[in-house]
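Each remark here refers to the structure printed beneath this line.
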Protein chains: 2
Amino acid sequence: MNLHRNCELTLPGWLDQYMDEWNEPLDTVEQRMKLAVALSAENVKHHTGGPFGAIVVEEQGSRLLSVGVNLVTTAELSLAHAEMVALSLAQSAAQNWNLGAASRVQLITSCEPCAMCFGAVPWSGVSSIVWGASKEEAEAAGFDEGDKPENWAETLERRGIATQGGVLHEEAATVLARYARRDGAIYHPGKN
Amino acid sequence: MNLHRNCELTLPGWLDQYMDEWNEPLDTVEQRMKLAVALSAENVKHHTGGPFGAIVVEEQGSRLLSVGVNLVTTAELSLAHAEMVALSLAQSAAQNWNLGAASRVQLITSCEPCAMCFGAVPWSGVSSIVWGASKEEAEAAGFDEGDKPENWAETLERRGIATQGGVLHEEAATVLARYARRDGAIYHPGKN
């Protein structure tokens, strides 16, 4: 057969300059979330994907390990949610699938993770996850979050992964609502 | 910042020749599963990842759209489960994140999907999923399947995605058990 052997995730070009100009501290979860939410808004502005942003950062020391935005429609990959992009780029940069190998790292995402991204978190090696907008706010904007266990955050906690939701959730939800008002693409097999 | 912008999934080289020589039909789920299980065994033999294989095939017409194997330890990406690789390569080949855009397609995987791969299924556009070994058989070999909703298969059915488990499950489970006996790497942040 003519085997298709390769696919890739590549950040859009606008991110280079945007991150060069981002000089704010990343010491608190609110400061970190400010960047994730800004990325979600910029991604819509540049038409490079859905209204979702994420970053991976060292819990102590606050070193930024990667940034991610939703690239489903531009990469043509349904797995290219902001969280998956950020986790994968951090792993690729470290050349280690286990982000917890060297230090405690945190995933910050502008929106509560969907069922796929929730399932990906324990395999990634992160020590904590922080999200902004809630599932309800994402769904109000037309997004489908999938089917997670009801006690999904508790299952992460039981695995030693700390969880914190609702950080800057109004700012995060505003980006989602604005996207919905402008009829942004809802990339879902059932809705096309 | 020095932004890491790119990561990729690339099938191992041995798959080219292996697929060139695979001349068996793919008309039934058992025939399709035979290939997925063979890929899981070959992946271990070639030391290119864990004992998991998957394919994406058109339900009618049986055209093979992609193959995938677990590449977590070789790609250094925790998302590189066989199902994610197969779905992404099929989407990349079609240049469409929605595999259901043109026809009904099926994901065949040698093992019941973990929480991440389960969550990824509805976003991919497949119409059906068929698995071999069960969660219990994977866990007996030391793998962690993550936390899925108890009625996970039913949630897929409700979304219009047909599910069928246990196809060639003895053959599939044998590959997992053999891997476990030989102390194959269990790539899990908690077990390293």
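Keep in mind that what you see is a predicted model, and the values were worked out from it rather than measured. So that the names make sense, note that chain A is the first sequence line, chain B the second, and so on, each numbered from 1.
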Notebook entry, point to check: What's the spacing between B:His4 NE2 and A:Ser66 OG if we round to 0.5 Å?
Noted result: 9.0 Å
Check: So what's closer than 4.5 Å to chain B heavy atoms on A:Glu154: side chain, backbone, both or neither?
Finding: neither
Check: For B:Gln60, does the CD atom sit with more than 12 other heavy atoms under 6.0 Å from it, leaving out its own atoms?
Finding: no
Checklist line | Distance, nearest 0.5 Å, that separates CG of B:Leu77 from CG of A:Leu89 | finding: 9.0 Å
Item checked: Passing option when B:Cys7 is tested against A:Leu9, A:Leu11, A:Thr10 for side chain to side chain contact (heavy atoms under 4.5 Å, CB included) -> A:Leu9
Item checked: Option that, when pairs with chain B are counted at under 4.5 Å, heavy atom only, ranks first among A:Ser124, A:Ala94, A:Ala75, A:Gly68 -> A:Ser124
Notebook entry, point to check: Under a 4.0 Å N-O cut-off, is there an ion pair linking A:Arg159 with B:Asp147?
Noted result: yes
Check: What distance do A:Thr155 atom OG1 and B:Lys148 atom NZ have between them, rounded to the nearest 0.5 Å?
Finding: 13.0 Å
Notebook entry, point to check: Does CD belonging to A:Glu170 count more than 12 external heavy atoms closer than 6.0 Å?
Noted result: no
Next item on the list: Give, for atom CG of A:Asn6 and atom OG of B:Ser88, the distance between the pair rounded to the nearest 0.5 Å.
Entry: 11.0 Å
Notebook entry, point to check: If you round to the nearest 0.5 Å, how far is CD of A:Glu150 from CD of B:Glu150?
Noted result: 11.0 Å
Check: Under 3.5 Å, is there a donor-acceptor pair between the side chain of B:Glu76 and the main chain of A:Trp97?
Finding: yes
Check: Which distance, rounded to the nearest 0.5 Å, do you find between the CH2 of B:Trp123 and the NE2 of A:His81?
Finding: 7.0 Å
Check: What part of B:Leu156 is in contact with chain A, defined as an atom under 4.5 angstrom from a non-hydrogen atom: side chain, backbone, both or neither?
Finding: neither
Checklist line | Salt-bridge present (A:Arg5, B:Asp16; N to O < 4.0 Å) | finding: yes
Margin query: Tell me if the CD atom of B:Glu24 is crowded by more than 12 foreign heavy atoms within 6.0 Å.
Written below: yes
Notebook entry, point to check: Who among A:Ala93, A:Ala115, A:Gly125, A:Gly100 has the most heavy-atom pairs with chain B under 4.5 Å?
Noted result: A:Ala93
Next item on the list: Could you look at A:Leu87 and say if it's the side chain, the backbone, both or neither that has a heavy atom under 4.5 Å from chain B?
Entry: neither
Next item on the list: With a 4.5 angstrom heavy-atom cut-off, could you sort out which part of A:Cys114 is near chain B: side chain, backbone, both or neither?
Entry: side chain
Next item on the list: Under 4.5 Å heavy-atom distance to chain A, tell me which part of B:Glu21 shows up: side chain, backbone, both or neither.
Entry: neither
Note to self: Testing the 3.5 Å rule here: is there a donor-acceptor pair between the side chains of A:Ser78 and B:Gln91?
What the structure shows: yes
